[in-house]
Amino acid sequence: MSEIARGAFHHPGYLDAAAQAALARDIAGVISDAPLFVSRMPKSGLPMSVRMTNCGPLGWMSDREGGYRYEAAHPETGAPWPPMPRMLLDIWAELTGYPKPPEACLINVYSDTAKMGLHQDRDEADFDAPILSLSLGADCRFRLGGPKRADKTIAVTLSAGDALVLAGPARRCFHGVDRILPSLLTPLPGPLAGLGARVNLTMRRVT
DNA sequence: AAGTAGCG
DNA sequence: AAGG
């Protein structure tokens with residue numbers, strides 16, 4: 001584990017290959033019940049380049065009309081999000097030590113050209129709870145800034161099996177994904193193969 | 001607004 | 001609404 005900025009903890013290789021495979025099976029199950037969809041920017045309606053879905057009581061989404069928000073149901077099927085796999089609850093407890101379980105796990109699927117612009121996670125009521133992110137598949141160039149958009153940034157490579165915890169002051173920091181790195185060598189595990197190059201799971205407290 | 005192109 |  002290394003603290004890459006105040007409150008930002010990178011755990012390279014936190015999940016071994018077997019754990020990554022087990023997690024991939026769980027996530028493939030979630031996606032089969034809650035199909036990937038594309039969120040759109042508020043007002044402009046421009047699509048994001050990632051495809052996403054969620055598990056847990058609440059899920060993050062965005063569309064032109066309603067903007068960034070959490071919802072209890074899938075925007076296309078209308079069904080509640082699938083339950084949070086136990087493995088994710090256990091990882092949350094171990095890495096964050098937070099007394100309450102995560103309410104949302106956003107599953108972002110990146111193609112080899114997908115990106116995520118610099119942003120803050122600020123659609124939650126609880127800003128004290130950490131954010132936990134897990135990576136599967138291709139490496140990416142992750143960018144972490146400060147609490148203001150213009151603050152200086154650092155870049156970190158996130159690889160398959162890595163965990164990243166944004167706690168304390170880092171909870172409010174801008175962050176994003178510059179690009180997916182070429183990785184013939186790290187395909188997504190079998191159950192997720194073909195969906196994209198990289199999958200990121202982001203767990204959060206919402207209420 | 002987690003989007004992007006290109007102009008002052 | 002500034003930066004990679």
Side-chain angles (χ1 to χ4, degrees), chain A residues 4-5 7-8 10 27 31 34-56 58-72 74-76 81 102-127 129-159 162-167 169-183 195-207:
Chain A
I4 59 174
H10 183 202
I27 297 309
I31 292 172
L36 296 172
F37 63 94
V38 176
S39 276
R40 291 177 174 271
M41 301 297 293
K43 294 181 262 223
S44 72
L46 290 173
M48 296 185 180
S49 58
V50 299
R51 295 190 298 158
M52 62 180 60
T53 189
N54 294 270
C55 55
L58 293 170
W60 189 90
M61 62 163 290
S62 174
D63 56 26
R64 183 201 296 262
E65 302 75 21
Y68 298 165
R69 65 193 188 275
Y70 285 89
E71 292 284 354
H74 190 287
E76 293 169 2
W81 303 109
E103 296 169 289
C105 176
L106 173 60
I107 299 165
N108 280 144
V109 177
Y110 291 77
S111 70
D112 54 11
T113 58
K115 303 179 288 289
M116 178 75 70
L118 261 198
H119 67 279
Q120 281 173 312
D121 289 13
R122 36 180 281 179
D123 305 307
E124 304 79 28
D126 184 349
F127 283 83
I131 294 167
L132 168 60
S133 144
L134 299 173
S135 294
L136 294 173
D139 293 359
C140 78
R141 203 68 177 152
F142 176 81
R143 189 158 297 276
L144 178 64
K148 294 173 303 186
R149 188 167 203 115
D151 288 339
K152 289 187 298 290
T153 64
I154 59 173
V156 183
T157 298
L158 295 182
S159 300
D162 289 6
L164 183 74
V165 177
L166 298 180
R171 171 63 180 78
R172 289 170 175 74
C173 287
F174 277 83
H175 56 277
V177 172
D178 292 348
R179 64 188 186 97
I180 303 300
L181 299 172
S183 60
L195 292 180
R198 173 177 187 258
V199 169
N200 180 256
L201 311 177
T202 307
M203 279 156 277
R204 308 182 181 99
R205 285 295 299 182
V206 177
T207 64

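Note on naming: letters A, B, ... go to the chains in the order of the sequence lines (proteins, then strands), and numbering restarts at 1 for each one. Please read all numbers here as calculations on a predicted model, not as lab measurements. Note that these values count all heavy atoms, side chains included, but never hydrogens, waters or copies made by symmetry.
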d(CG, Asp121(A); P, dA1(B)) in whole Å: 16 Å
Atom-to-atom span, NE2 of His175(A) to C1' of dA2(B) - whole angstrom: 8 Å
Below 4.0 Å: OP1/OP2 of dA2(B) and any side-chain N or O of Arg149(A): yes
Whole angstrom value for the distance that separates P of dA1(B) from CZ of Arg69(A): 16 Å
From dA2(C), dA2(B), dA1(B), nucleotide with atom closest to Ala150(A) side chain: dA2(C)
d(CG, Leu106(A); P, dA1(B)) in whole Å: 20 Å
Sugar-phosphate only, base, or nothing, as touched by Gly117(A) at under 4.0 Å among non-hydrogen atoms: sugar-phosphate
Separation between CE of Met61(A) and CZ of Arg69(A), rounded to the nearest 0.5 Å: 4.0 Å
Rounded distance in Å - CD1 (Ile154(A)) to P (dG3(C)): 16 Å
Between P of dA2(B) and CE of Met52(A), the distance in whole Å: 13 Å
Ring pair (Phe, Tyr, Trp, His ring centres under 6.0 Å) partners of Phe174(A), counting only residues at least two apart: none
Side chain Ser49(A), main chain Ala114(A), donor-acceptor under 3.5 Å: no
Rounded distance in Å - CG (Leu46(A)) to P (dT4(B)): 8 Å
Gln120(A) CD to dA2(B) P, straight-line distance once rounded to whole Å: 8 Å
Modelled atom types, side-chain donor and acceptor of Arg141(A) and Thr157(A), under 3.5 Å: yes
Proximal nucleotide (of dT4(B), dA2(B), dG4(C)) relative to the Asp178(A) side chain: dG4(C)
Sugar-phosphate, base or nothing in reach of Arg40(A), heavy atoms under 4.0 Å: nothing
